[in-house]
Amino acid sequence: MLIMNKNYCSFLFSLFLASLFLLISGTGCKKKENKQAAAMQQMQQQVKAYAVIAVEPERAVIKSAYPASIRGKQDIEIRPMVDGFITQVLVDEGSFVKKGQVMFKIDPVQYQAAVEVAQANVNVARTNVQTAQLTYRNKRDLWDQNIISDYELQTAENDLASQSALLEQAQAQLVSAQKTSLSPM
């Protein structure tokens with residue numbers, strides 16, 4: 001009988017614990033429900049009314065701009081061969097051009113002035129050569145008569161050579177100025 005009593009005691013103890021649990025859980029739920037109901041009442045009292053607008057679908061145009069740079073397949077750098085002021089542009093921007101095609105017209109005044117200055121320099125150099133030739137001939141006659149030394153004759157000869165070189169330089173500058181002036185600008 002002792003064994004039955006143990007089982008019976010265990011059963012009674014389990015029944016007691018289950019009853020106690022139901023009692024505690026039943027009172028806890030009511031308290032919880034009461035707290036929730038009170039919180040809902042407070043929130044309803046605190047809620048404010050706001051204006052509401054109904055949103056309906058519409059068509060809209062969205063424009064976007066982005067910074068960018070465009071590069072061509074072939075970029076060509078154009079540099080002038082001469083200085084001057086452009087008086088006329090003979091090609092349109094972006095148009096095709098051929099090698100040797102005239103693209104700009106440059107004011108020719110400064111080039112005409114350069115030709116005139118070069119011509120004047122040639123004239124001065126030519127006169128200096130004539131003077132050096134005259135001096136050389138006179139010194140040669142004096143040297144032939146043993147009136148002057150070899151040094152003075154050599155100096156006159158060097159001066160003539162130097163003046164002749166300056167004449168050639170002035171003539172080359174004149175040719176350059178004429179080519180620049182005559183080239184299509």
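Under a hydrophobic clustering in which Ile, Leu, Val, Met, Phe, Trp and Tyr are joined whenever their side-chain heavy atoms come within less than 4.5 Å, directly or via other members, Tyr136 and Ile147 fall into the same cluster. Placement of Leu134 and Val129 in two distinct hydrophobic clusters is found when ILVMFWY residues are connected by side-chain heavy-atom separations under 4.5 Å, directly or transitively.
Considering only heavy atoms from C-beta on, Trp143 stays 4.5 Å or farther from Lys139 through its side chain. Taking 4.5 Å as the limit, some side-chain heavy atom of Val115 sits within range of a side-chain heavy atom of Leu174.
Nearest heavy-atom pair, Gln101 versus Val91, reported as atom, atom and distance to 0.1 Å: NE2-CG1, 3.5 Å.
For the atom pair CD1 (Ile148) and CD (Gln154), the distance works out to 11.0 Å, reported to the nearest 0.5 Å. Here Thr135 contributes atom OG1 and Leu153 contributes atom CG; the two are 12.0 Å apart, rounded to the nearest 0.5 Å.
Using a 3.5 Å distance cut-off with no hydrogens or angles, the side chains of Gln145 and Asp141 do not pair a donor with an acceptor.
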Sequence neighbours excluded and cut-off under 3.5 Å, please list the side-chain donor-acceptor pairs for residues 161-172, or say none.
unit_1, atom_1, unit_2, atom_2, d
Ser164, OG, Leu160, O, 3.0

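The list of side-chain hydrogen bond (donor to acceptor under 3.5 Å, both in side chains) pairs with a residue in residues 112-121, not counting sequence neighbours, reads Gln119-Asn123.
Membership of an apolar cluster is not assigned to Phe85, as no side-chain contact below 4.5 Å to another ILVMFWY residue is traced.
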